[in-house]
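Down below is the structure, laid out as structure tokens.
To find a chain, count down the sequence lines: A is the first, B the second, and so on, and within it residues start at 1. Not measured: the values here are computed from a predicted model.
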2 protein chains.
Amino acid sequence: MFSKACEYGIKAAIFIATKSYEGIRVSPKEIAMEISSPQAFTAKILQALVKHDVVKSVKGAYGGFEINKGDISTIKLSQIVKAIDGDTIYSACGLGLDKCDENHPCPVHDKFKGVRDELKFMLENTNLEELALNIKSGASFLKV
Amino acid sequence: MFSKACEYGIKAAIFIATKSYEGIRVSPKEIAMEISSPQAFTAKILQALVKHDVVKSVKGAYGGFEINKGDISTIKLSQIVKAIDGDTIYSACGLGLDKCDENHPCPVHDKFKGVRDELKFMLENTNLEELALNIKSGASFLKV
DNA sequence: TATAAATAGGATAAATTTATCCGAAATAAA
DNA sequence: TTTATTTCGGATAAATTTATCCTATTTATA
Ligand code: FES
Ligand code: FES
């Protein structure tokens, strides 16, 4: 469904959010440990999240990744997915036609569109805060 | 969403179905032309569909691929997807945890499960016949 | 200012997916 | 039985995704 890069990106953002509530910056190393991902690859993904303003990075000694507390509730899952996988998941044809077009639909268009739109709605209506709080409360997990 | 192989497989099955109504067998070459896919790769995918009893192949001169007319309405999209992409799309965790487990859920489990189940329902309740008839009537398209 | 700690980013490698090629096996018709 | 046609299947190649490594750059503190 999502690429590995995107899965790591979502989990990383959630973990950074949980730590940011405590005002703690985290390193790619710590993030990779916490979400069971390859460290260097995760660092690359973090760069993309920084470029797309999902997370903030602070270079140099005592640096790391963080998210402004006030932003956590405003960041949608859709932003993260879009930053890493692009927006094909929101708009591309399910059977790979050049574009999804009502006027030139593939055979599954009507049925696929419903599912795709529901996924889009879900991603646009889920914010980092609720996911991070679920982790903090122990109701959900980022690994194992 | 689906792999390229799966997209080709679905489109190929639909095209074979349309021809099978007329009692005509088709070759990988003709299929690839009709669905704009690489021919040799499409042939490989057809082998998988044969192995999983989605389509029937007839070797030798005057051979080709076909689907028994009576079977067309009983073949679900889900069988094709499962034959080619396996069943991860139906059951895998959206964030890549080893397994999707109610008792050890990832942060997006509840929300993701809904979308995944809707996709599953759609695939299990869409059969080749309706897709093939839409193509025959000109209401939908397999390429361009 | 010097040093240590940390992200940024380019180069490269490994793994997987996508795609091609070619000979073997099967089959209908001449 | 021979021939032409067609799928089967293994080997290989190209492209993309995933992953690693190393150096440059930035920055807080001593
Ligand atoms: S045209 Fe294929 S999903 Fe819309
Ligand atoms: S545990 Fe992640 S989707 Fe169920």
Please name all residues satisfying side-chain hydrogen bond (donor to acceptor under 3.5 Å, both in side chains) with [X], sequence neighbours left out, ordered by chain then number.
X      : answer
A:K19  : none
B:T126 : A:K111
B:S3   : B:D85

(request) In plain terms, say whether B:K136 and B:E22 are close enough for a salt bridge, that is, a side-chain N and a carboxylate O under 4.0 Å apart. (result)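 Here B:K136 pairs with B:E22 in a salt bridge, since their nearest N and O are under 4.0 Å apart.
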
(request) Sequence neighbours left out, what passes salt bridge (charged side-chain N to carboxylate O under 4.0 Å, His left out) with B:D87? Give chain and number order. (result) none

(message) I need the full list of salt bridge (Lys or Arg N to Asp or Glu O under 4.0 Å) pairs touching residues 97-107 of chain A, with sequence neighbours left out, sorted by first then second residue.
(response)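 Applying salt bridge (Lys or Arg N to Asp or Glu O under 4.0 Å) to every pair that reaches into residues 97-107 of chain A, excluding sequence neighbours, yields nothing.
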
Side-chain atoms of residues 45-62 of chain B: list all donor-acceptor pairs with protein atoms under 3.5 Å, sequence neighbours left out, distances to 0.1 Å.
from  : atom 1 : to    : atom 2 : distance (Å)
B:H52 : ND1    : B:A48 : O      : 3.0
B:K56 : NZ     : B:E66 : OE2    : 3.2
B:K56 : NZ     : B:N68 : OD1    : 3.1

Table of protein N/O atoms under 3.5 Å from nucleotides 28-30 of chain C N/O atoms:
none

d([atom1], [X]; [atom2], [N]) in whole Å:
X     : N      : atom1 : atom2 : value
B:F65 : D:dT5  : CZ    : P     : 18 Å
A:I24 : C:dA6  : CD1   : P     : 14 Å
A:L49 : C:dT7  : CG    : P     : 14 Å
B:E7  : C:dT18 : CD    : P     : 9 Å
A:K29 : C:dA5  : NZ    : P     : 12 Å

(request) Report the nucleotide, chosen from D:dT7, D:dC8, C:dA8, that has the shortest atom-to-atom distance to any side-chain atom of B:Q47. (result)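 The answer is D:dC8.
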
Please list, one pair per line, the donor and acceptor atoms closer than 3.5 Å that link side chains of residues 34-44 of chain B to other protein atoms, with sequence neighbours excluded.
from  : atom 1 : to    : atom 2 : distance (Å)
B:S37 : OG     : B:T42 : OG1    : 2.5
B:T42 : OG1    : B:P38 : O      : 2.6

(request) Look at all strands and tell whether B:V55 reaches a base, only sugar-phosphate, or nothing, counting heavy atoms closer than 4.0 Å. (result) nothing

(message) Can you list everything that forms a ring pair (Phe, Tyr, Trp, His ring centres under 6.0 Å) with A:F141? Sequence neighbours excluded, please.
(response) B:H104

(message) Does A:Y21 have more than 12 heavy atoms from other residues, nucleotides or ligands lying within 6.0 Å of its OH?
(response) yes

Any protein N or O atoms within reach of nucleotides 19-22 of chain C? Criterion: under 3.5 Å, listing atom names and distances.
from   : atom 1 : to   : atom 2 : distance (Å)
C:dA19 : OP1    : B:Y8 : OH     : 3.4
C:dA19 : OP2    : B:Y8 : OH     : 3.1

Which pairs of donor and acceptor atoms, one on a side chain in residues 72-84 of chain B, lie under 3.5 Å apart (sequence neighbours left out)?
from  : atom 1 : to    : atom 2 : distance (Å)
B:T74 : OG1    : B:D71 : O      : 2.8
B:Q79 : OE1    : B:K76 : N      : 2.8

(message) Within residues 77-93 of chain A, which residues have any heavy atom lying less than 4.0 Å from an atom of DNA chain D?
(response)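 None, since no heavy atom is under 4.0 Å.
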
